[in-house]
Student: 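Here's a structure for you.
Order of the sequence lines sets the chain letters (A, B, ...), proteins ahead of strands, with each chain counted from 1.
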Protein chains: 2
Amino acid sequence: MDCHSMESEAVIYIGNKAPIKYATAVVTEFEKGANEVTIKARGRAISTAVDACQISINKFLEGVEIKDIKIFTEEMEDRNVSAIEILLART
Amino acid sequence: MDCHSMESEAVIYIGNKAPIKYATAVVTEFEKGANEVTIKARGRAISTAVDACQISINKFLEGVEIKDIKIFTEEMEDRNVSAIEILLART
């Protein structure tokens, strides 16, 4: 019995570290057995999210593609902030 | 005869101005008769592109939706840079 069979999805939240840090985190999730990894970011971190996505796909991962990209607005307490979700999945 | 019938597409390139500037530019293109407007950005301007997109859709435009989002890597002379293209279209 594969106890890890349910762990097929993962989420990486992008902060203000270097893109390579998050790219590595994405790669790790796929190596742990995830079939899909979602990269989530808000505001200025959106650029970092796209960088991390591109680095992970172009430099490290094979057989993984961008399955979906969503952009939307999140309502915070005192303001609205743009957000992105990039869904990566094994082909 | 409508001389503007061919002007159905437009491109807005995002730089380092405030998002509202580009949101206004997007709105202007639709008001001039564009059926589709593509927002293009590279590097740190990607966050601004998403902001401009969300502002134009949520604050100014009706009957316009996000039709497609592409993210990719552009090879520059000395480095690679992430890029985004957001396609807005009349519904």
Student: Between atom CD of A:Q54 and atom OG of B:S82, what is the distance when rounded to the nearest 0.5 Å?
Tutor: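 Rounded to the nearest 0.5 Å, the CD-OG separation comes to 5.0 Å.
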Student: Would you call A:E85-A:K40 a salt bridge at under 4.0 Å N-O?
Tutor: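 Counted as a salt bridge, because a side-chain N and a carboxylate O are separated by less than 4.0 Å.
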Student: Select one option (side chain, backbone, both, neither) describing which atoms of B:D68 are under 4.5 Å from chain A's heavy atoms.
Tutor: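 Neither part; nothing is under 4.5 Å.
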Student: Give, for atom CD1 of B:I20 and atom OG1 of B:T48, the distance between the pair rounded to the nearest 0.5 Å.
Tutor: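 Rounded to the nearest 0.5 Å, the CD1-OG1 separation comes out at 12.5 Å.
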Student: Sort A:A41 into side chain, backbone, both or neither according to what part of it lies under 4.5 angstrom from a heavy atom of chain B.
Tutor: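 The answer is neither part of A:A41.
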Student: Go through the atoms of B:A83 and report whether side chain, backbone, both or neither lie under 4.5 Å from a heavy atom of chain A.
Tutor: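 For B:A83, the contact with chain A is made by the backbone alone.
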Student: Does a side-chain heavy-atom distance below 4.5 Å link A:L88 with A:T38?
Tutor: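 Not in contact.
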Student: With respect to chain A, which residue among B:I71, B:I46, B:N58 yields the maximal number of heavy-atom pairs within a distance under 4.5 Å?
Tutor: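 Heavy-atom pairs under 4.5 Å are most numerous for B:I71.
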Student: Side chain from CB out, backbone as N, CA, C, O: work out which of these in A:I66 comes under 4.5 Å of a heavy atom of chain B, or both, or neither.
Tutor: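 Contact with chain B is through the side chain of A:I66 alone.
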Student: Please tell me if the side chains of A:L61 and A:V27 come closer than 4.5 Å, counting only heavy atoms from C-beta onward.
Tutor: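 A side-chain contact exists here, since the closest heavy-atom pair is under 4.5 Å.
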Student: Can you say whether A:I86 sits under 4.5 Å from chain B via the side chain, the backbone, both, or neither, judging by heavy atoms?
Tutor: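 Side chain only.
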